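Reviewing the structure listed below.
It should be emphasised that the depicted structure is a prediction, and the values quoted were computed from it without experimental measurement. Lettering of chains follows the sequences in order, A, B, ..., and the numbering in each one begins at 1.
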Amino acid sequence: MAAGSVARAGGPRQRSRAPGAATVRRVLDSEQVTGWSFVTPGVAIIMLFGTVPIIWSAVLSFQRSTLDTPGSRFAGLSNYRQMARDPVVAQAIQHTLVYTALFVPGTMAVGLFLAVAMNRKIRFISLYRTAAYATMAISTISEAIVFTWLFDPSYGVANYSLSLLHLPQQQFLNSPSEALFVIVAMTIWGWTGFAVVVYLAALQGIPRTLLEAAAIDGAGPWRTFRRITLPLLSPASLFLTVWLTINALQLFDEVYLSTQGGPLHATTVLVYYLYDQAFQQFNFGYASAIAYFLFLVIIVITVIQFRVGRRFTYYRS
Amino acid sequence: MTAVSAPARDGARQAGRGIRAGMPVRRRRRWPFSPWHLVLIPATIVLLFPFAWVLITSVETPSEALHFPPVLIPHALRFANYSDALASAPFVRFLVNSAVVALATVLCNLVLCALAGYAFARFRFLGRTALFAVIMATLMVPFQVTMIPQFIITKWLGVHVLAGVGINHLGALILPNAATAFGIFFLRQFFRTLPIEYEESARVDGASRLTALVRIVLPLATPALATLAALTFLDSWNNFLWPLIAVTSTDQMTLPLGLATFQGAHATDWTLLMAGNVMSLVPMLAVFFIAQRYFIQSVAATGLAGT
């Protein structure tokens with residue numbers, strides 16, 4: 001159908017071709033010229049805002065560079081040395097790792113549990129699923145504002161629930177020992193929809209015959225889940241582990257909105273400190289060094305996860 | 001990826017034979033309803049409560065909001081919070097800005113990534129492999145590494161090339177994301193799965209390479225284009241860090257940034273904040289539910305592709 005209209009569109013042009021124009025057209029239509037002209041706009045943007053900045057910030061990390069200082073001086077490894085001595089960096093690394101270690105398994109557990117519960121045709125199931133999906137439509141900023149309100153120490157619903165259970169009132173985001181956990185809770189809520197979608201899609205890819213065979217062999221529901229379902233979900237689990245970890249190590253929005261890294265640096269994670277150094281203190285050089293360090297951490301953790309994960313991952317094909 | 005609801009339906013067919021979807025069940029006491037409701041109802045309440053609480057607080061009086069124990073059902077609906085919020089921050093402007101940025105970003109990505117992805121998939125040209133490798137290398141690098149030079153470049157572009165793409169302009173939020181390595185890679189992979197014969201016969205009929213792409217290949221690639229559009233839209237709509245860096249004047253802010261700034265100025269006006277939050281939430285929720293299938297399939301597709 002489309003081919004017909006193409007032929008019609010191409011027809012008149014062919015007839016009106018002048019002798020020399022044939023060569024021009026052949027050149028313009030060659031794979032070399034079309035290839036480059038198709039690729040250039042997209043590639044130029046990625047080079048300008050991706051490749052060039054990657055190299056540039058590597059250079060910056062070896063410079064003593066502040067806002068609009070064209071005379072940035074080469075400073076060797078001094079930014080990296082400063083980083084090794086900076087107590088806030090040490091704290092930020094610790095907070096980032098603690099956050100990641102809680103957020104990633106937490107989100108996966110919630111997502112797996114809900115996906116298994118939702119993987120059946122029962123009444124209202126689409127309503128239940130939609131409730132989980134809805135968390136994907138909320139921006140991190142909206143999410144952080146809601147949770148700051150829910151966990152407000154004076155008027156929040158969280159403290160009200162504790163009072164109903166006759167438990168002591170908490171300071172939550174105002175408490176250095178609790179703030180990070182509130183951020184873990186709000187981000188798990190925010191990522192629930194994503195984890196449910198990924199697990200639900202994987203669950204629905206499991207052939208029924210395998211589950212039936214296990215049932216015929218006398219396996220109970222728990223054993224079937226443990227021995228059949230869970231191994232078959234392992235590729236999805238590996239994907240979620242890696243994906244959620246990469247995002248967790250880059251936590252910023254919720255911290256910026258709810259605590260600004262406080263109280264007493266209790267929620268200062270790497271990217272928040274990086275942002276603070278770059279765009280509040282304008283220490284571009286130092287911030288670039290932190291950024292490269294973050295990049296290194298992400299690469300190392302991702303590689304480890306793939307290496308270790310592969311051993312526990314079962315691919316059917 | 002279209003299987004999000006289909007196997008559940010198969011499961012229902014099986015239910016009569018004693019096997020429920022996902023879980024084989026031997027002879028068991030019959031409940032009047034599935035026991036899974038006992039799990040799913042509380043879970044749904046927990047998942048939806050934050051949404052409900054935003055809505056409730058947004059129509060309470062300030063004295064109801066600042067009351068302990070919290071007032072779960074307001075005495076009257078106070079819609080003045082919404083007009084007050086609109087009076088102190090231009091939420092409509094934020095919404096328009098967000099929509100303009102997201103739609104422009106989606107459009108640019110579809111065009112530029114389709115062109116580049118197609119060329120990488122089908123044409124042999126000098127430097128193709130090297131160029132592709134350079135693009136792919138940016139895929140792994142987190143935004144935090146590139147953001148400082150990106151800020152400097154954007155600032156320079158605004159001063160020396162075109163004000164509209166400089167700091168404090170909406171173009172600064174569109175241009176750096178107008179093409180992504182992910183988009184090019186994703187579409188290239190998809191194009192390579194399409195049979196080349198259709199394009200070849202169009203070429204024999206005299207179609208140019210561009211015509212073959214637009215008339216033959218793109219219609220076949222609609223699912224991939226829809227996925228890329230949905231993911232790009234979500235990313236752009238929720239982006240916060242880059243707008244925070246690139247925009248400072250109120251009239252160029254997108255919804256997340258405008259809302260965050262509004263929160264900074266009204267940190268304890270909870271009723272006002274929640275009214276603003278509702279106005280920021282509802283448009284995306286509406287879009288999400290209208291196009292739910294596409295968003296869900298897109299996310300599921302990335303998940304399954306990663307596995």
Side-chain angles (χ1 to χ4, degrees), chain A residues 2-3 6-7 10 14 31-32 34-36 38-39 41-43 45-46 49-51 53-54 56-57 114 117 119-122 128 131-132 137 139 141-142 145-146 149 155 157 160 197-198 201 204 211-212 215 221 224 235-236 239 250 252-253 257 271 274 278-279 284 288 291 294-295 298, chain B residues 3 7-8 11-12 20-24 34 36 39-40 44 47-48 50 54 66 68-70 112 115-116 119 123-125 135 138 141 144-146 148-150 176 178-179 181 202 205-207 209 211 215-216 238 240 256 259-260 263 277 280-281 284-285 288 296 299-300 303-304 306-307:
Chain A
V6 166
Q14 277 176 342
E31 292 193 24
Q32 292 289 349
T34 21
W36 271 96
F38 278 22
V39 154
V43 167
I45 287 173
I46 293 170
F49 294 103
T51 316
I54 289 171
W56 192 336
S57 62
L114 288 180
N119 185 32
R120 59 204 72 242
K121 192 76 180 171
I122 55 178
Y128 296 142
S139 74
I141 295 306
S142 289
I145 291 182
V146 182
W149 175 221
Y155 309 107
V157 174
Y160 174 57
V197 168
V198 171
Q204 291 173 348
L211 303 171
E212 287 171 17
T224 312
F239 165 74
Q250 297 181 51
F252 173 77
D253 300 4
L257 196 106
V271 176
L274 193 169
F279 294 104
F284 284 167
S288 298
L294 173 77
F295 185 22
I298 291 177
Chain B
R20 285 188 217 151
M23 286 281 176
S34 167
W36 287 98
V39 171
L40 287 169
T44 303
L47 287 170
L48 291 185
V54 183
L66 297 183
F68 196 87
L112 299 181
L115 282 173
F123 304 153
R124 297 174 157 279
F125 52 93
I135 300 294
T138 65
V141 181
Q144 290 80 13
V145 169
T146 55
I148 295 168
Q150 188 170 309
D205 288 347
R209 292 182 194 275
T211 314
R215 298 280 185 86
I216 313 291
N238 291 328
F240 177 68
L259 188 60
Q263 193 256 7
N277 208 350
S280 319
L281 265 172
M284 186 61 205
L285 273 178
F288 193 84
I296 302 303
V299 173
L304 293 178
T307 60

Separation of B:Leu40 CG from A:Ile122 CD1 (nearest 0.5 Å): 5.5 Å

Distance in Å, A:Gln250 CD paired with A:Ile298 CD1, rounded so as to fall on 0.5 Å steps: 4.5 Å

A:Tyr160 portion near chain B, given a 4.5 angstrom heavy-atom threshold: both

Top of A:Pro41, A:Ser139, A:Ala131 for chain B proximity - count of heavy-atom pairs under 4.5 angstrom: A:Ala131

Contact origin within A:Leu294 toward chain B - heavy atom pairs under 4.5 Å: side chain

When B:Thr44, B:Leu112, B:Leu115 are compared by non-hydrogen pairs under 4.5 Å with chain A, the top option: B:Leu115

Residue among B:Pro176, B:Ala116, B:Ala260, B:Ala181 with most heavy-atom pairs under 4.5 Å to chain A: B:Pro176

Which residues share a side-chain contact (heavy atoms from CB on, under 4.5 Å) with B:Leu66, sequence neighbours left out: A:Tyr155, B:Trp270

Atom group of B:Phe288 that falls short of 4.5 Å from chain A, counting heavy atoms: side chain

Side chain, backbone, both or neither of B:Val54 within contact of chain A (heavy atoms, under 4.5 Å): side chain

Spacing of A:Asn119 atom CG and B:Trp36 atom CH2 [to the nearest 0.5 Å]: 9.5 Å

Residue B:Val145 versus chain A: region with a heavy atom under 4.5 Å: both

Parallel, tilted or perpendicular, as decided by the 30° and 60° cut-offs, for the rings of B:Phe123 and A:Phe38: tilted

B:Gln144 versus chain A, the contacting section by heavy-atom distance below 4.5 Å: both

